[in-house]
Amino acid sequence: MKILIVEDEQKTGDYLKQGLLEAGFVTDLLRNGTDGLHSALTEDYDLVILDVMLPGIDGWGVLTGIRRSGKDIPVLFLTARDHVDDRVKGLELGADDYLVKPFAFSELLARVRTLLRRGSKVSAADYLEASNLHLDLMRRRVTRAGKRIDLTAKEFALLELLLRRQGEVLPRSLIASQVWDMNFDSDTNVIEVAMRRLRAKVDDDFEPKLIRTIRGMGYVLENPDCA
């Protein structure tokens with residue numbers, strides 16, 4: 001998931017960027033509204049975190065420009081302006097959420113994940129596949145080489161993440177945040193256990209093998225048919 005932060009306060013911007021990086025997100029940080037609007041319109045982001053008081057174009061103008069372009073990207077306003085009229089204005093312009101400074105990072109992270117889940121449901125394809133592995137999102141059904149495979153809810157979510165990001169090495173921190181909605185804890189082996197169970201179901205009895213462990217980095221699902 002790729003997030004754009006538009007925040008002119010240096011400490012706040014750096015804090016947000018570092019925290020979201022550690023939570024497993026790819027982040028870009030810009031310090032003014034003009035650059036922020038340009039990047040939002042010309043690059044692909046899954047979420048924009050936007051301050052209202054910005055040099056150049058203010059946050060209202062950035063949001064208006066995004067919505068006028070037809071982009072439906074989720075936008076979270078993050079600002080010190082806590083008047084009801086300001087919140088109403090942001091929502092009426094098309095903001096998806098509004099968080100007032102000062103804030104707890106844990107709350108911001110929870111809102112970010114909620115908005116990303118909401119956005120992914122809107123844009124989700126109904127069908128994902130790699131080689132002879134097929135995942136039907138609408139019917140919540142997985143087959144491999146024509147054979148039905150029964151997965152738990154977490155195994156299904158884990159496989160969906162791997163298929164959506166196939167070819168990418170996914171670190172444990174990202175998997176933890178996206179599938180378990182939790183911060184990465186190096187003392188837990190929940191991800192390794194879930195991955196072993198998933199591979200036993202979708203890989204062990206089939207060829208080609210699709211899921212690999214990249215030591216010290218994470219996991220990747222690769223489709224050899226696309227190599």
Side-chain angles (χ1 to χ4, degrees), residues 1-3 19-27 43-47 72-74 106 109-227:
M1 293 290 181
K2 190 175 181 181
I3 298 175
L20 290 169
L21 283 171
E22 291 177 358
F25 298 104
V26 177
T27 61
E43 299 188 36
D44 291 325
Y45 291 100
D46 298 290
L47 175 71
D72 197 30
I73 177 175
S106 58
L109 190 58
R111 293 185 184 221
V112 164
R113 288 170 177 162
T114 297
L115 290 173
L116 288 172
R117 283 197 297 269
R118 203 179 294 165
S120 67
K121 288 176 183 177
V122 171
S123 61
D126 293 338
Y127 202 69
L128 300 171
E129 63 181 21
S131 188
N132 55 0
L133 173 65
H134 304 278
L135 185 148
D136 186 329
L137 287 165
M138 297 297 292
R139 294 189 293 173
R140 311 296 290 178
R141 177 177 295 178
V142 176
T143 60
R144 180 99 197 249
K147 180 181 177 182
R148 175 78 176 269
I149 298 174
D150 293 322
L151 300 181
T152 67
K154 287 299 184 187
E155 289 166 350
F156 189 95
L158 179 56
L159 181 60
E160 180 183 350
L161 176 64
L162 289 165
L163 282 167
R164 287 192 184 281
R165 307 284 290 270
Q166 59 184 284
E168 296 182 41
V169 178
L170 305 182
R172 295 170 69 208
S173 57
L174 185 147
I175 294 172
S177 67
Q178 295 297 309
V179 178
W180 279 267
D181 200 24
M182 66 179 188
N183 292 325
F184 174 66
D185 183 352
S186 60
D187 294 330
T188 182
N189 67 343
V190 62
I191 297 172
E192 287 81 357
V193 170
M195 194 67 71
R196 282 199 299 270
R197 290 175 177 169
L198 179 63
R199 293 169 79 169
K201 291 181 179 182
V202 304
D203 248 2
D204 284 2
D205 296 332
F206 301 95
E207 293 293 340
K209 306 304 181 189
L210 299 175
I211 303 173
R212 294 198 300 127
T213 302
I214 308 300
R215 187 175 298 275
M217 298 178 65
Y219 300 91
V220 60
L221 187 150
E222 292 180 316
N223 184 355
D225 298 340
C226 297

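The chain is numbered in sequence order, starting from 1. What you see is a predicted model, and the numbers here were worked out from it, not measured in a lab.
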Partner residues of Arg196 under the side chain to side chain contact (heavy atoms under 4.5 Å, CB included) criterion, sequence neighbours left out: Glu192, Val193
For Glu222, side chain to side chain contact (heavy atoms under 4.5 Å, CB included) partners two or more places apart: Arg212, Val220
Set of salt bridge (charged side-chain N to carboxylate O under 4.0 Å, His left out) partners for Asp44, sequence neighbours left out: none
Under the side-chain hydrogen bond (donor to acceptor under 3.5 Å, both in side chains) test, residues paired with Arg141 that sit two or more places apart: none
Exam field: side chain Lys201 to backbone Asp150, donor-acceptor pair closer than 3.5 Å: yes
Side chain to side chain contact (heavy atoms under 4.5 Å, CB included) involving Arg144 - partner list, sequence neighbours excluded: Asn132, Leu133, Ile149, Asp203, Phe206, Pro208, Leu210
Residue list, side-chain hydrogen bond (donor to acceptor under 3.5 Å, both in side chains) with Thr152, at least two apart or on another chain: Glu155
N/O donor-acceptor pair under 3.5 Å between Thr27 side chain and Leu20 backbone: no
Salt bridge (charged side-chain N to carboxylate O under 4.0 Å, His left out) partners of Arg215, counting only residues at least two apart: none
Test side-chain hydrogen bond (donor to acceptor under 3.5 Å, both in side chains) applied to Arg111 - qualifying residues, sequence neighbours left out: Asp97, Glu107
Those residues that, when tested against Asp205, pass side-chain hydrogen bond (donor to acceptor under 3.5 Å, both in side chains) (two or more places apart): none
Donor-acceptor under 3.5 Å (Arg199 side chain, Asp204 main chain): no
For Lys2, side chain to side chain contact (heavy atoms under 4.5 Å, CB included) partners two or more places apart: Val26, Asp28, Glu43, Tyr45, Asp46
Residue pairs, two or more places apart or on separate chains, that pass ring-ring contact (aromatic ring centres under 6.0 Å, His included) and touch residues 131-164: Tyr127-His134
Closest heavy-atom pair and its distance - Leu221, Ala130: CD2-CB, 3.7 Å
Arg165, CZ: over 12 other non-hydrogen atoms inside 6.0 angstrom: yes
Under 3.5 Å: donor-acceptor pair, side chain of Glu160, backbone of Ala157: no
Partner residues of Glu129 under the salt bridge (charged side-chain N to carboxylate O under 4.0 Å, His left out) criterion, sequence neighbours left out: none
